[in-house]
Each structure stands twice: as structure tokens, then as C-alpha cells.
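Structure record follows, encoded as C-alpha cells.
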Amino acid sequence: MTVAGDVVQSMQAYYAQRAAYYERVYGKPERQAELRALEAWIGPRFAGRDVLEVASGTGWWLAHAAREARAWLATDLNDETLDVARAKPLPACVRFATMDAYAFDGLAPGRRFDAAFAGCWWSHVPLARLQGWLGRLHERLLPGARVVFLDNQFVPAGSTPVSRRDADGNTYQQRMLDDGSAHEVLKNFPTREQALAVLGPRARQVRWNDVGHPLEHYWVLEYELA
């Protein structure tokens with residue numbers, strides 16, 4: 001079996017190979033009402049802000065989330081996914097950078113933002129690394145920064161089944177690509193209590209799924225930094 005650290009590396013290759021057709025997942029009929037509600041909700045959360053987006057992938061959320069931002073830096077480790085995002089019609093405030101989400105190596109020393117966003121990233125962070133990673137993200141943010149995480153909830157009728165759980169509590173799925181290859185992907189599905197427990201003392205005004213629409217397939221966590 002693959003340990004969590006190895007899966008982090010293998011997931012990079014998996015998403016690079018899947019980049020050209022990754023966004024098929026957003027075409028599922030049962031998710032459309034939630035997606036439209038989230039797309040309408042997310043833009044005002046970043047109005048007038050200088051935003052760091054972590055693991056932006058193919059940029060599905062960019063056109064909606066960045067539409068009212070002052071500046072938006074979309075980052076990802078894979079050029080294959082960033083190339084898909086770059087080809088889209090996007091707000092003029094959007095810029096791109098290749099960056100390891102764990103190292104923040106694409107940012108200038110001392111560069112800090114007053115907002116951060118990550119869509120479908122939290123679920124791929126090994127549980128043992130999550131709290132430390134959040135601390136490093138917070139170091140890149142100014143006091144009063146707004147942070148929004150958006151990710152998948154597990155829905156038995158519509159989600160890929162969980163294939164195993166490791167000793168740290170991480171859960172995994174077996175995913176198939178169009179070429180027939182199978183890939184193990186770390187995919188965690190936190191409860192509200194589990195997510196809030198790792199935020200740390202700087203998180204305040206914490207809101208969970210407060211988007212004005214019932215959520216079944218996605219969860220949203222929003223807070224501000226002290």
C-alpha cells in the first residue's frame with residue numbers, strides 16, 4: 001500500500017494527466033443547483049482584496065471568485081492544469097504562478113495577501129500535515145485577511161467510493177483515467193467539527209456552509225484572521 005507522502009507526489013502526476021478533461025466533474029446534473037449558488041456567492045467574498053489562490057488547478061472557480069477582486073494570484077504546481085486555466089477568459093486582475101502549495105516557493109519573501117482561497121485542495125492534504133500547512137498559509141496573510149476553503153462532501157450515491165483508510169485516518173479513492181490507468185488519490189471528507197479543530201487561534205468569525213443555499217455535494221469554510 002502507498003503511504004500518504006508518496007500519494008501526495010503521485011497525485012501531482014494524476015492531475016497533470018487529467019488536466020484536459022478534469023472539469024467533466026462539474027457537469028454532473030445533481031450538482032448544478034449548488035454550483036450556481038456557489039458561483040454567485042463567492043465573488044463578493046473577495047471584493048477589493050488581494051487574493052492568493054492555492055492549487056487553482058484548471059481554474060474552474062477563477063471567473064467567478066476573482067470577478068470583484070483587486071488582485072488575484074492563481075498558483076499550482078502543474079503547468080498542465082495552469083495552461084487550461086490560462087486559456088480561459090478571466091478577470092483582468094488574475095495572474096498566474098507555478099508554486100508548490102506546501103512550500104509557497106513561488107512567492108517573493110515577505111509577500112503577504114489580505115485573502116486566500118483554495119477549491120478542492122483541503123481534502124488532498126494528509127491529516128498529519130494539515131495544521132502545519134494552515135499555519136504556513138496564515139504566515140502569508142495579513143491580519144484581517146479573509147480565507148475561504150471549498151471542497152467536496154461525500155455523497156454515497158454520487159461520490160467515488162472510499163477504498164481504504166490509513167493509520168492516520170486519511171481516506172483514499174481509486175480513480176480511473178481515460179487511458180484506463182488506475183490511480184490512488186488521497187481524499188478526506190472532514191466534518192464541520194474536524195475542520196474547525198485544526199484552524200488555530202487566529203481564526204475568527206468562522207462560518208460553515210453559510211452560503212444561502214443548502215449544500216449536499218460541497219462544503220464551504222470561511223473565516224478571518226486575527
Side-chain angles (χ1 to χ4, degrees), residues 15 18-19 21-76 81-82 84-96 101 113-125 134 137 141-142 144-155 157-160 187-192 195-196 199 203-225:
Y15 280 105
R18 189 183 167 192
Y21 49 90
Y22 170 78
E23 294 186 359
R24 289 179 190 167
V25 69
Y26 294 111
K28 292 186 175 184
E30 67 273 15
R31 300 187 182 188
Q32 297 312 299
E34 287 181 46
L35 286 170
R36 300 297 87 76
L38 290 167
E39 291 161 5
W41 171 85
I42 198 168
R45 312 316 303 156
F46 300 111
R49 293 185 180 257
D50 181 12
V51 186
L52 170 64
E53 182 181 7
V54 177
S56 58
T58 59
W60 172 267
W61 295 102
L62 269 174
H64 311 287
R67 66 179 183 267
E68 298 181 36
R70 175 169 57 86
W72 191 286
L73 183 63
T75 69
D76 201 278
T81 53
L82 286 180
V84 175
R86 289 187 182 102
K88 297 180 175 181
L90 296 170
C93 67
V94 175
R95 299 292 182 271
F96 292 94
F113 303 78
D114 62 7
F117 171 68
C120 299
W121 161 252
W122 179 298
S123 57
H124 294 311
V125 180
L134 282 167
L137 172 66
L141 303 178
L142 296 165
R146 175 166 292 155
V147 184
V148 177
F149 291 104
L150 186 158
D151 219 308
N152 300 110
Q153 296 199 66
F154 184 79
V155 180
S159 300
T160 302
K187 185 73 172 179
N188 290 319
F189 300 93
T191 64
R192 176 185 182 276
L196 270 56
L199 290 183
R204 63 186 185 186
Q205 300 182 33
V206 179
R207 292 170 288 278
W208 176 266
N209 288 355
D210 186 13
V211 302
H213 187 281
L215 296 179
E216 179 185 8
H217 299 90
Y218 298 94
W219 60 260
V220 174
L221 173 61
E222 178 185 7
Y223 59 94
E224 295 182 3
L225 287 187

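It should be emphasised that the depicted structure is a prediction, and the values quoted were computed from it without experimental measurement. In this chain, numbering begins with 1 at the start of the sequence shown.
- Looking only at distances, no side-chain donor or acceptor of Asp50 sits under 3.5 Å from a matching main-chain atom of Asp114.
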Assess the residue pair His213 and Tyr218 against the criterion (ring pair (Phe, Tyr, Trp, His ring centres under 6.0 Å)); give the C-alpha distance rounded to whole Å, side-chain angles, the decisive distance to 0.1 Å, and a yes or no. CA-CA 11 Å; His213 187 281; Tyr218 298 94; over 10 Å; no
Identify all side-chain donor-acceptor contacts of residues 57-64 below 3.5 Å with residues at least two apart in sequence or on another chain.
residue: Thr58; atom: OG1; partner: Glu23; partner atom: OE2; Å: 2.8

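- At least one donor-acceptor pair under 3.5 Å links the side chain of Gln32 to the backbone N or O of Tyr26.
- In this structure, Trp219 CH2 and Phe149 CZ are separated by 7.5 Å, a value rounded to the nearest 0.5 Å.
- Distance NE2/His124 to NZ/Lys187: 4.0 Å, rounded to 0.5 Å.
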Evaluate Phe113 against Leu142 for side chain to side chain contact (heavy atoms under 4.5 Å, CB included), listing each step before the verdict. CA-CA 6 Å; Phe113 303 78; Leu142 296 165; over 6 Å; no
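- Residues Ala19 and Val84 share a closest heavy-atom pair of O-CG2, 3.9 Å.
- Between Val54 and Leu137 the shortest side-chain heavy-atom distance falls below 4.5 Å.
- Looking only at distances, a side-chain donor or acceptor of Glu34 sits under 3.5 Å from a matching main-chain atom of His217.
- Atom CG of Asn188 and atom CH2 of Trp122 lie 10.5 Å apart (nearest 0.5 Å).
- Of the inter-residue distances, the one linking Arg207 atom CZ with Tyr223 atom OH reads 11.5 Å to the nearest 0.5 angstrom.
- The distance from the CG atom of Leu82 to the CG atom of Asp76 is 5.0 Å, given to the nearest 0.5 Å.
- To the nearest 0.5 angstrom, Lys28 atom NZ is 6.5 Å from Ser159 atom OG.
- Residues Trp41 and Glu222 are in side-chain contact: their nearest non-hydrogen atoms beyond the backbone lie under 4.5 Å apart.
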